[in-house]
Amino acid sequence: MRSKKNKSIDRREFLEITGKSAVGISLTSLPFLVSSCSENITTKTTHGACYHDCPDRCSWKVTTAKNKVVAFEASQNTYTAGKLCNKMVDFPNDVTYHPDRILTPLKRTGLKGKGEFEKISWDQAISEVASKLQSTIEEKGGEAILPYSFGGNQGKVQSKAPNRFFAHIGASQLERTICGDAAVAGVLATNGQTTGVLPEDCVHSRYIILWGTNPIRSNQHLWPFIQKAKNNGATIVAVDPFRSETSENADWHIQPYPGTDTALALGLMHVILKENLQDQEFIDQYTIGIEELKEHVQKYDPDSVSQITGLNEETIISLAKAYAQSSPSLIRVLIGMEHQVNGASAFRAVAMLPALTGAWRHFGGGLMHMTYELFGASLNWESINLPEELASKETRSINMIELGKVLNRKDLNPRIDALFVFNSNPAVTTPNQNLVLKGLEREDLLTIVSEHFITDTARYADYIFPATSVLENWDILDSWGTPYININEPAIEPLGESKPNSELFRLLAREMGLTESYLYESDIDIVKKTLQSDHEYLKGITFESLRKSGGQRLNLPDKWMPHAKGNFKTKTGKCHFYDEDIEPSLPTYIPKGYSQAEIEKYPLHLLTIKTPKYLLNSSHANIDHILKKEGKPFLEVNPTDAFNRNIGDGDELKVYNQRGSVYIAARISQKVTQGVVCMPQGFWPSMLKGGSSANALTDDLLTDRGRGAAIQEAKVEIVKV
Ligand SMILES: Nc1nc2c(c(=O)[nH]1)N[C@H]1C(S)=C(S)[C@@H](COP(=O)(O)OP(=O)(O)OC[C@H]3O[C@@H](n4cnc5c(=O)[nH]c(N)nc54)[C@H](O)[C@@H]3O)O[C@H]1N2
Ligand SMILES: Nc1nc2c(c(=O)[nH]1)N[C@H]1C(S)=C(S)[C@@H](COP(=O)(O)OP(=O)(O)OC[C@H]3O[C@@H](n4cnc5c(=O)[nH]c(N)nc54)[C@H](O)[C@@H]3O)O[C@H]1N2
Ligand code: SF4
Ligand SMILES: [Mo]
């Protein structure tokens, strides 16, 4: 069913549109040509923003002619600063016009997982799916239906509008905690809010610790600001068990054993307090629990912490002193470090350091984490949140991380009979992949997927709906990594028969005879309503202004220093070193704990992280030229571990544990310390030998707080094949 016709804007089509000759141009350079040679054609410019689950939330400008994209460029006026990342520069060709894109509804014809489908009409697809959902509800109750979605499209309309439909039909609720919840739970326990130092303000910092984050890859637009800080004299430190590109470009790379950051942070506090480097005045005025903390960190002396983290004592002492004696000092955390069983505690402990040293007093000093609270506070979320009558419904919650377990549980009452996936690709991104795939194989499971491509999840679908790309639908986009807001105006009409997620659920609701008006609000109305707010942050920001500009910075105070004078958002208004309502009351290093037999069988700690340059989670991994650029995946193995197993550079390996096996070549390097191995996350199982990718090895364990995913807590053994 895959069409071979290339629908991208090639040179010939461009010439047809402009009627002029142009040689050797790339899509991103087209606007210049259009403006210089387009007397006879009308072009239209619209503004939009990146929908990806990425902290940068870039803004862009799309030029179209005759309903075709002829130029796609980054905006200059926002954090994007004129440059999209390497994953997105060619987005119109890579996704919107890609020949493999799904443009009609599809119905399964072959066995589940085979990816064999026939085209059907929207009328047929909607009528069959609505009637199957209806009979599931009648026979088993709404909770037998599980919606499964995540950050595939972070536009508020295209991610949140479907929630109303599912809440209305009484479907099981999904705990969407695979990313960020453990990190947030940790920081909130200490500070009560996650919005600390804003990204652009790091240029004022003189000591920056990038703790468990890899901005050169995952937060690319922050990197120029970090470089600017460096040019201004800042020291850049990376704390990461993997020698990431960021670590390589830092002044100092500290490489602890994975999952030991709680101990490291407590060790730094031990040294700071012992050396009397704390800011006693800040502590007295704005924190609670210093005496309990002092007592608690006694046991995290450099010797003990050295044994837990694998760092030498001198490293721990030097880092503590250098951090406490530099000003302004900044710690940047994001998500990566949360995916450990001790993940939330690590964030909780690290978040205490700026209060201990009083770093919050100085512009550019403190903790930099997320920014979504700025939008939470200022926009009118009534536009899209569940209305009270739905929010108060009590339906069962299912944690997305346990999808494999849940689909396979026969004793669940009711069992999951229908799975509705959109904005996510769980066959690749959810832990315990083999269990997820086994669940998706269930003949008695109705699986419905809305997608751009036949992903490894969609291959198991009974019905696939074609989703519009971001260039074809309205949306409003807040941000979790910047203070910029964007609206996304459709640049072109939907291609083929694709429809936005929001429209898919309006059609289903109508077919099911639902009458409540909150199920039928139009996308543009939701966008406009979300902006209806008198909040000071939105001063000067309107639907029309955003339509003209694309993105705007929230109207924040000139110097954003949230905790210079305390003002923590905890229940006491102070920073909590100690909290008797939380178990444990102080952040404590509690490792998973393995039996001796387990350690002997699977001695290596596996990291499966976002090292690919051109993939965004599992997105874009199906695109040939991207895969070619990305190159094949490798498992990074420390020379000693390789030597002990007679493994040479480039050898084909089997990486295995009790959950699965992945076949991948070895790259022997110092990027990991002895006892740790690392493979990239994002490749699809169907593309790799053996039909498994990274998540075949990961566990569906939950984190200590936040019910997040301890995906990076996996042990494996490797053998040459
Ligand atoms: N290119 C690219 N960019 C992306 C993404 C992508 O897939 N590709 N994904 C986006 C998404 S969804 C997210 S959540 C963000 C994530 O952005 P980041 O938070 O920067 O997260 P990661 O890249 O997951 O992890 C960062 C680093 O944490 C390290 N790490 C793992 N375990 C530990 C630990 O126990 N302690 C410490 N100190 N470090 C540890 C990893 O080795 C890794 O180098 O990136 C976003 N940006
Ligand atoms: N081993 C391991 N596993 C991980 C991680 C890790 O570091 N290691 N990271 C975790 C993290 S932080 C995250 S955030 C998750 C990400 O997990 P997912 O949210 O599943 O991320 P993606 O793989 O990007 O899948 C998003 C899908 O949504 C589709 N999509 C995009 N736009 C639309 C739209 O408008 N409509 C519809 N219907 N579909 C759309 C895309 O085509 C894509 O297939 O993965 C987690 N899993
Ligand atoms: S993926 Fe991130 S860095 Fe790339 S264009 Fe989108 S928001 Fe910007
Ligand atoms: Mo994420």
Side-chain angles (χ1 to χ4, degrees), residues 49-60 74 78-80 83-89 91 95 101-102 148-155 157-159 162 176-181 183 215 217-223 334-336 338-339 400-401 420-433 449-458 464-470 472-473 475 477 479-482 486 498-502 504 606-611 614-622 679-684 693-699 708-709 711-712 714:
C50 187
Y51 64 112
H52 272 311
D53 190 351
C54 173
D56 294 23
R57 187 66 73 238
C58 293
S59 323
W60 57 54
T78 61
Y79 190 62
T80 316
K83 211 168 172 229
L84 297 174
C85 73
N86 39 15
K87 304 177 288 294
M88 287 300 288
V89 282
F91 177 78
V95 175
R101 190 172 150 198
I102 306 163
Y148 198 94
S149 68
F150 201 65
N153 183 339
Q154 293 204 316
V157 179
Q158 302 314 331
S159 63
R176 294 182 173 84
T177 53
I178 207 163
C179 171
D181 286 60
R217 269 286 179 278
S218 59
N219 187 189
Q220 293 187 16
H221 292 80
L222 179 66
W223 189 247
L334 195 56
I335 308 283
E338 79 165 13
H339 291 133
M400 66 184 299
I401 295 149
F420 208 132
V421 183
F422 59 100
N423 294 353
S424 185
N425 187 8
V428 189
T429 56
T430 305
N432 215 340
Q433 186 174 86
V449 176
S450 166
E451 253 301 346
H452 296 146
F453 294 105
I454 301 184
T455 60
D456 273 11
T457 306
I464 307 181
F465 287 102
T468 43
S469 80
V470 67
E472 301 149 87
N473 54 245
D475 224 319
L477 294 108
S479 173
W480 48 282
T482 79
N486 288 273
S498 63
K499 293 189 195 297
N501 295 343
S502 50
L504 162 61
L606 172 73
L607 294 174
T608 53
I609 58 174
K610 304 166 188 348
T611 48
Y614 301 94
L615 311 185
L616 196 299
N617 296 315
S618 78
S619 298
H620 312 305
N622 55 318
M679 76 170 69
Q681 160 62 2
F683 291 91
W684 299 7
S693 62
N695 271 319
L697 300 161
T698 61
D699 202 352
I711 315 174
Q712 309 297 354

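One-based numbering, in listed order, for ligands and for the atoms of each.
- The part of Asn695 lying near ligand 2 is the side chain, judged by heavy-atom distances below 4.0 Å.
- Using cut-offs of 30° and 60° for the angle between ring planes, the His620 and His52 rings count as perpendicular.
- Protein heavy atom at the shortest distance from atom 7 (O) of ligand 2 is Lys610 NZ, 3.2 Å.
- Closest to atom 24 (O) of ligand 2, if we only count protein heavy atoms, is Ser619 OG, 2.8 Å.
- Remark: ligand 2 atoms within the under-4.0 Å shell around heavy atoms of Thr608 are 1 (N), 2 (C), 6 (C), 7 (O), 8 (N).
- Residue contact check: His339 has heavy atoms under 4.0 Å from atoms 12 (S) of ligand 2.
- Within ligand 2, the atoms closer than 4.0 Å to a non-hydrogen atom of Cys179 are 12 (S), 14 (S), numbered from 1 in the order shown.
- Residue Gln712 has at least one heavy-atom neighbour below 4.0 Å for each of these atoms of ligand 2: 7 (O), 8 (N).
- Between Trp60 and Phe91, the angle of the ring planes stays under 30°, which puts this pair in the parallel group of the 30/60° scheme.
- Residue-ligand proximity, Ala467 to ligand 2, at heavy-atom distances under 4.0 Å covers atoms 36 (N), 37 (C), 38 (N).
- Protein N, O or S atom count below 2.8 Å of atom 8 (Fe) of ligand 3: the structure gives 1.
- Less than 4.0 angstrom separates some heavy atom of Gly151 from each of these atoms of ligand 2: 19 (O).
- Listed by number with element, the atoms of ligand 2 under 4.0 angstrom from any heavy atom of Thr455 are 44 (O).
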